[in-house]
Amino acid sequence: MTQTVATSAGPRFTRVAVAGNPNSGKTTIFNGLTGMRLKVGNYAGVTVERREGRLRGDPTGRTLLVDMPGTYSLAARSLDERIARDVLLGWQPGEPPPDAVIVVLDASNLERNLYLATQILDLNLPVVFLCNMMDIARQRGLTISLSRLAKAFGVPVIPTIGNKSEGLDDIAPALQEALAGPVSLRPFCPMPEAIEQHAAQLGRVLVRHRLADARTARGAALLLLLRPSQVEHEIDEPLPVEVDQALHVARVALAVAGFDDLSSYLVQRRYEWLDERLASVIRYALVRREHLSDRIDHVLTHKVFGLVAFALVMFGMFASIFWLAEPAMGLVETVVSWLQSLVHAKLPEGALSDLLADGIVAGVGNIVVFFPQICLLFLFIALLEDTGYMARAAFLMDRIMRGVGLHGKSFIPLLSSMACTVPGIMATRTIENRRDRLATILVAPLIACSARLPVYFILIALIFPSESVWTKAGVLAAIYLAGILLALGIATLLKKTVLRGPTPMFVMELPPYRLPDPWPVVRVVWDRGRSFLVRAGTFILAASVLLWAIFYWPHSSDLSPAPETHEMLSQALAAPPAGQGGAVAESLPQTLAPKPQALAAASRQLEYSLAGRLGKLIEPAIRPLGYDWRIGVAIIASFTAREIFVSTMGIVYSVDDAGNGSGVLRTRMQAAVRPDGSPVFSKATCLSLLVFYSLAMQCVSTLAVTWRESGSWRWPAFLWGYMAVLAYGAAFVTYHIAAAFGLAA
Ligand code: GDP
Ligand code: MG
């Protein structure tokens, strides 16, 4: 292999993998040791992508730590288990095996954590054990003899409390020692003769194919034998034919020898072996108190109260988003309008001032308005994750998910998708079964994400101009709930048709409740909030400039207003409907009185522009949904990202006003009328838009990540297609039902 050639730049880095069960504190320790700030969370499956960082305070300065996905085993039953195994065996393309492994053990759950640890020890790499969560073990009345643990497994053991950075200083020296010392071949957990023989044979084949060396051969062979043969071709890359054959031969021979359920046997044998070893290591306090976590769980995972609590948590989340964000939003909106009129007042009239005011300030500013809400949403999700509630939600939903043909594990990616579909889709890597994983990926985009929030806010404000915050919060909660229900419905369909197959047992650990550490939470919110702003400052900015340009050119300055347009516009402007944002609008500096003449000309400019012609071209296709050509342009532009809807509206109604800033965007949209005098944004149109934006696949990043995770362009194409059909159909039905109730006028 070629990877070790990278030595020309000096001595090679020493690579140390940080392995362990989910939620054992790997990432916390990795962050503590490297000074990095990767995301931690109190539920399984947070670390889905492997990351590297330099070990701080290491005298050589050349030790690289690799954060691995948390797994209970290296059996490669799921994608994350496979990645963990491949990292340790050097089967990841272009990557040698690590030089040493730090195994993070959750001291309060030692036996289960040691199961993985012994699989790693079987690979005969230098290993250091960290006994993390010592505080929790102590609280639970466990006494762990660290010296006996070290002796039983022949490795250094360091007690740590990851979130308090206790014990981290002892890691680097222990690592140096482990790396310097000789590694003997440790026959851990000896298996019956027949199994050992076949493992040795398979090991030799692996060595021949350079998939193992003398140290790792037995361990690697045992891992392949452990892997259930059903998942072989779903999760794993194909092995060389000779290895596949050897594996098959070994399985058949062992079945004949009486090991017909080899996987289960191997698991059981290892646990028995661990049991014997641990008897002298752990002492349990005599009385097993019921922990506070257990008592809370009596309520929160209760069949009825649990669901009620879940609904309350969700509603509370949306209510506070509206409640706390409304004033902040008003402020930012005022600033945006003020900036627009400032630019128009200070700069000479022309393309530059129009670009600044109507393109950039309107396009980007109207998105930045949502910064407070986005931060709040992220804050709530971070709290759900870090307190341990997310895992309860998944547990609660397991029964419902089972009815759908998925399991509770699929619920966490769906909940994470509320922040953003991309990490939600990545979180599906913990799902064992490829079909279930695909089904989850294909429905995750139906969950309302934060990019949809700006669109929802505007539309809800238009549909319920004067309703209370509670009503609006209820509507938003209902939209999210509907997204979840629809995702479950479509998942059922997929599982009954294209992705039919059994769902494996659901085993999920409920981590103890914790008071979240404030700093990591603040950092997550800040990181995500910042990337929202960066996105607004780069991607949305570029899109806004482009959009503005196609609304501005071809430019005709001597368009004379048609009389009927003139009349209509002056009527509309004479009586701007009061309501949502009305208070803000009134407090705005009314720089210039509206000049109907100029306005009508501006409106005709819109139709004359490239975007206008494009919009007119597609108008027949979207008219049945209740949209005019302006909305059509916004919809097309939003296929790159949903927020662009708001940017487009910002630009359309700024250009349209020809600089006569007459209030915030919501007010302007309310006042917009069609050629026949009816409002552009009738309740029916807004409802139809709400449905369309909830269901259409308008996110390039999601398509890209679906492509990557499914390994084929067909799945993203299918995703896009089914969502397009669904969105169009549902928006059509919504519009016509709403119109039948008289909401179209
Ligand atoms: P990972 O899944 O193994 O990467 O685990 P994380 O690093 O994400 O940690 C899971 C949770 O445990 C986080 O909420 C941490 O703050 C918390 N945590 C980590 N180490 C300790 C510890 O030693 N004691 C306690 N009480 N909590 C810890
Ligand atoms: Mg992690």
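Taking the six-membered ring where the residue is Trp, Y480 and Y456 present perpendicular rings, their angle passing 60° and hence far from 30°. Between F732 and H736, the two ring planes are tilted [angle within 30° to 60°]. Using the six-membered ring where Trp is involved, Y722 and F718 have ring planes that are tilted, between 30° and 60° apart.
Across V652, I635, T648, a single residue satisfies side chain to side chain contact (heavy atoms under 4.5 Å, CB included) together with R630, and that is V652.
In this structure, L377 and M317 have side chains that are in contact, with non-hydrogen atoms separated by less than 4.5 Å. Within the 4.5 Å cutoff, the side chain of D354 has heavy atoms near those of the Y552 side chain. Under the 4.5 Å side-chain criterion, counting only non-hydrogen atoms from C-beta, I412 is in contact with S416. The shortest side-chain heavy-atom distance between Q698 and F692 falls under the 4.5 Å cut-off.
Of the inter-residue distances, the one linking L687 atom CG with I460 atom CD1 reads 10.5 Å to the nearest 0.5 angstrom. Here the CH2-CD1 distance, from W548 to I360, works out to 9.0 Å after rounding to the nearest 0.5 Å. Between the CD1 atom of I550 and the CZ atom of R613 there is a distance of 12.0 Å, given to the nearest 0.5 Å. Rounded to the nearest 0.5 Å, atoms CH2 (W629) and CG (L606) are 4.5 Å apart. Here the OG-CD distance, from S450 to E643, works out to 7.5 Å after rounding to the nearest 0.5 Å. With rounding to the nearest 0.5 angstrom, the OG atom of S694 is 10.0 Å from the CG atom of L689.
Atom CZ of R56 is surrounded by more than 12 heavy atoms from other residues, nucleotides or ligands within 6.0 Å. Within 6.0 Å of the CH2 atom in W707, the count of heavy atoms belonging to other residues, nucleotides or ligands does not exceed 12.
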inquiry  = Run S337 and T334 through side-chain hydrogen bond (donor to acceptor under 3.5 Å, both in side chains) and show every step you take.
reply    = CA-CA 5 Å; S337 298; T334 314; over 6 Å; no
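Stacking of R528 on the aromatic ring of F378 is recorded, both the 6.0 Å distance cut-off and the 45° axial limit being met.
The two residues I540 and S647 have their closest heavy-atom pair at CG2-OG, 3.5 Å.
Side chains of S688 and T685: a donor-acceptor N/O pair is absent below 3.5 angstrom, by distance only.
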